[in-house]
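Contents: one structure, followed by commentary.
Please read these numbers as outputs of a predicted model, since none were measured by experiment. A note on names: the letters A, B, ... follow the listed sequences, proteins ahead of strands, and every chain is numbered from 1. Because only heavy atoms are used, hydrogens play no part in the values below, and waters and symmetry mates are left out as well, while side chains stay in.
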Amino acid sequence: MLDINFIRENPDAVRENIKKKFQFHKLPLVDEVLELDKKRRELQQEGDSRRADRNKFAKSIGSLMREGKKEEAEAAKEASKANNDRVAEIEKESSEIEVVLKKALCSIPNIIADDVPIGKDDGENVQGEVFLKAEPKPFEVPYHVDILERLNGIDLDSARRTSGNGFYYLTGDIARLHSAILTYARDFMIDKGFTYCIPPFMIRSDVVSGVMSFEEMDGMMYKIEGEDLYLIGTSEHSMIGRFMGQTIPESSLPLTLTSYSPCFRKEKGAHGIEERGIYRIHQFEKQEMIVICKPEQSDEWYEKMWRYTVELFVSLEIPVRQLICCSGDLADLKYKSCDVEAWSPRQGKYFEVGSCSNLTDAQARRLGIKYKNEKTGKNEYAHTLNNTVVAPPRMLIAFLENHLQADGSVYIPEPLRKYMGGIDKIAVK
RNA sequence: GCAGAGAUGGCGGAGUGGUCGAACGCGCACGACUCGAAAUCGUGUUACGUAGGAAUACGUACGGGGGUUCGAAUCCCUCUCUCUGCGCCA
């Protein structure tokens with residue numbers, strides 16, 4: 001969500017930005033917004049002066065009553081009523097305009113960073129840095145479910161019976177490995193100075209509609225029957241919701257938080273939900289990082305954040321690369337975004353294991369997340385960023401494929417061993 | 001879950017239909033006094049929107065939403081949260 005004042009002053013920059021994102025159908029929105037904004041301000045001016053009149057009437061009626069001038073007071077009441085009718089009309093009209101304006105404003109994409117590659121869709125995303133050498137295995141790498149089953153680490157049949165497609169039982173050493181990865185990731189982020197946080201796993205509808213559009217909500221969120229509660233799709237929802245409408249003291253910025261939560265997603269219409277396995281599922285767990293900072297700090301934090309994820313994967317000896325999101329693939333709120341992708345020796349390509357985004361002030365403006373600028377004394381919108389630290393079980397796929405040995409066992413890299421009771425491999429049962 | 005009480009500015013806390021953006025106190029900022037400080041005295045101190053170069057003016061906001069009224073912090077409805085007691089429970 002852009003600042004209406006910015007659009008008013010820089011309509012061409014806004015149009016140029018829309019073109020860069022190949023959203024030509026949204027170009028008319030700029031003029032629509034300018035028009036609505038003009039109308040809105042006109043209405044406000046008339047409304048304000050009418051309301052000023054209402055206040056004057058009310059005051060004079062008050063003093064007339066006290067002086068006992070009954071008839072004059074009644075006459076003033078009549079006059080006031082007529083004025084109030086007009087106020088009501090204006091209020092109705094303004095609130096209608098407000099709704100349309102807000103919707104249009106939310107559809108206009110955030111200004112993207114200068115260094116975002118221009119491209120139509122995800123096919124034009126650009127490879128960034130590459131870490132560790134991506135190599136094929138000297139033997140055939142089976143599908144991850146087969147690896148898991150051979151290690152006695154998964155029970156999909158039972159999960160289908162109890163919960164349906166898109167759920168899983170992880171068992172034994174694999175379940176332990178899953179927890180070990182999360183615990184390691186948690187400690188990894190704490191060591192980077194982040195504050196560990198366990199948020200609510202359910203949030204109210206007003207928070208949901210604050211953090212996402214109706215379409216996203218419909219496609220992702222599970223609603224609790226009979227309650228005004230939804231299961232979170234990511235801890236970002238409750239982590240960012242925590243700061244809705246809040247003004248944060250400048251001295252406590254940047255807020256660097258790492259949160260754990262299970263994530264629940266309907267994945268309505270999503271590609272791959274029918275696929276057997278744990279790549280796309282209705283429930284998974286995730287360690288996330290959230291940064292809320294001053295505007296001048298967000299570029300720096302963005303760089304740091306995706307590199308932390310890379311560092312974590314590299315420490316677990318999993319080859320990864322950065323994939324820079326091109327303009328057309330960038331969600332509307334994002335200024336800049338990249339995925340961290342892990343190497344799949346089975347498929348001979350990289351696949352997404354995390355996503356890092358700088359939303360600048362777009363999300364903060366929408367949700368009213370501000371900080372008090374001590375220098376100017378003004379409240380200003382903060383910048384928000386989020387990134388995946390690690391999300392098993394998806395990450396498990398990369399882990400298993402990369403650490404599978406010729407004998408069918410799976411190698412455990414050193415940093416994880418202390419969370420696995422000291423073992424250095426998971427052997428075939 | 002039941003019963004009762006409550007939610008007001010950065011904090012404490014008045015205010016039960018008009019003169020209330022809100023007494024008073026604390027805090028904070030500036031000034032005076034002082035070599036300097038404390039104490040004291042004085043002045044100022046909410047946010048957001050609109051107009052304006054600015055000073056400023058007007059509007060909105062007393063947990064959220066809705067209603068009654070010419071006029072609502074104050075009355076009514078509703079939701080949320082907090083406290084106390086009872087009940088239940090990892």
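- In this structure, A:Lys370 is positioned above the aromatic face of A:Tyr381, its NZ or CZ under 6.0 Å from the six-membered ring centre and within 45° of the axis.
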What pairs of donor and acceptor atoms, side-chain ones from residues 240-251 of chain A against any protein atom, are under 3.5 angstrom apart with sequence neighbours left out?
from, atom 1, to, atom 2, distance (Å)
A:Glu250, OE1, A:Glu374, N, 2.6
A:Glu250, OE2, A:Lys294, NZ, 2.9

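- Between the CD atom of A:Glu46 and the P atom of B:C58 there is a distance of 18 Å, given to the nearest Å.
- In this structure a side-chain-to-backbone donor-acceptor pair under 3.5 Å is present from A:Asn125 to A:Cys326.
- Between A:Lys39 and A:Glu93, some side-chain heavy-atom pair lies under the 4.5 Å cut-off.
- The distance between atom CZ of A:Arg50 and atom P of B:A57, rounded to the nearest whole Å, is 23 Å.
- B:U19 and B:U34 are spaced 43 Å apart, taking the C1' atom of each and rounding to whole Å.
- On the C1' atoms, B:G9 is 13 Å away from B:A23, given to the nearest whole Å.
- Checked for salt-bridge contact, A:Asp361 and A:Arg366 miss the test: no charged N lies under 4.0 Å from a carboxylate O.
- A donor-acceptor pair under 3.5 Å links the side-chain atoms of A:Ser60 to the main chain of A:Phe57, judged by distance alone.
- Taking the charged nitrogens against the carboxylate oxygens, A:Lys336 and A:Asp115 do have a contact shorter than 4.0 Å, which makes a salt bridge.
- For the side-chain contact (heavy atoms from CB on, under 4.5 Å) with A:Met239, the qualifying choice from A:Pro199, A:Ser261, A:Pro200 is A:Pro199, the only one to do so.
- Less than 4.0 Å separates RNA chain B from no heavy atom of any residue of residues 85-99 of chain A.
- Counting heavy atoms of neighbouring residues, nucleotides and ligands inside a 6.0 Å radius, atom CZ of A:Phe214 does not exceed 12 of them.
- Look at the P atom in both B:C2 and B:G12: the space between them is 30 Å, to the nearest Å.
- At whole-Å resolution of the value, CZ in A:Arg51 and C1' in B:G21 are 17 Å apart.
- Between A:Gln246 atom CD and B:G63 atom P there is a gap of 16 Å when expressed in whole angstrom units.
- Proximity note for A:Ala58 (side chain, C-beta onward) versus B:G18, B:U80, B:G59: the nearest is B:G18.
- Counting only distance, with no hydrogens or angles, the side chain of A:His282 and the backbone of A:Lys266 share a donor-acceptor pair below 3.5 Å.
- A cation-pi contact, defined as under 6.0 Å to the ring centre and within 45° of the axis, links A:Lys223 to A:Tyr230.
- Distance, A:Lys59 NZ to B:G17 P: 19 Å, rounded to whole Å.
- Applying the side chain to side chain donor-acceptor pair (under 3.5 Å) test to A:Asp114 and every residue at least two apart in sequence or in another chain returns nothing.
- For A:Ser94 (side chain) and A:Leu43 (main-chain N/O), no donor-acceptor pair under 3.5 Å exists by modelled atom type.
- Between A:Arg204 atom CZ and B:G63 atom C1' the separation is 12 Å, expressed in whole Å.
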Under 4.0 Å protein heavy-atom contact, by nucleotide of nucleotides 44-52 of chain B - B base, S sugar-phosphate only: ---SSBSS-

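- Nucleotides B:U60 and B:A5 place their C1' atoms 31 Å apart, quoted to the nearest Å.
- Within residues 75-82 of chain A, the residues that place at least one heavy atom under 4.0 Å from RNA chain B are, in residue-number order, A:Lys77, A:Ser80, A:Lys81.
- At a threshold of 4.0 angstrom between heavy atoms, the contacts of A:Asn84 are confined to the sugar-phosphate backbone, with no base atom among them.
- The side chain of A:Arg54 sits closest to B:G71 out of B:C81, B:G18, B:G71.
- Around NE2 of A:His25, the count of heavy atoms belonging to other residues, nucleotides or ligands within 6.0 Å exceeds 12.
- Both key distances under 3.5 Å define a Watson-Crick or G-U pair, and stretches of 3 or more such consecutive pairs in RNA chain B run B:1-7 with B:80-86, B:10-12 with B:24-26, B:27-32 with B:40-45, B:46-51 with B:56-61, B:63-67 with B:75-79.
- Checked against B:G18, B:G59, B:U19, the side chain of A:Ala52 finds its nearest nucleotide in B:G59.
- Comparing B:C33 with B:A22, their C1' atoms are spaced 33 Å from each other, to the whole Å.
- Regarding A:Phe57, its CZ atom lies at a distance of 12 Å from the P atom of B:G71, rounded to whole Å.
- In this structure, A:Thr309 and A:Val390 have side chains that are not in contact, with every pair of non-hydrogen atoms separated by 4.5 Å or more.
- In this entry the distance linking CE of A:Met244 with C1' of B:G64 reads 12 Å, nearest Å.
- Using P as the reference atom, B:A14 and B:G67 are 31 Å apart when rounded to the nearest Å.
- Atom C1' of B:C81 sits at a distance of 15 Å from the matching atom of B:U8, rounded to the whole Å.
- Taking atom C1' on both B:G18 and B:A55, the two are 31 Å apart, rounded to the nearest angstrom.
- Among the atoms of the strands shown, none is found under 4.0 Å from any heavy atom of A:Asp228.
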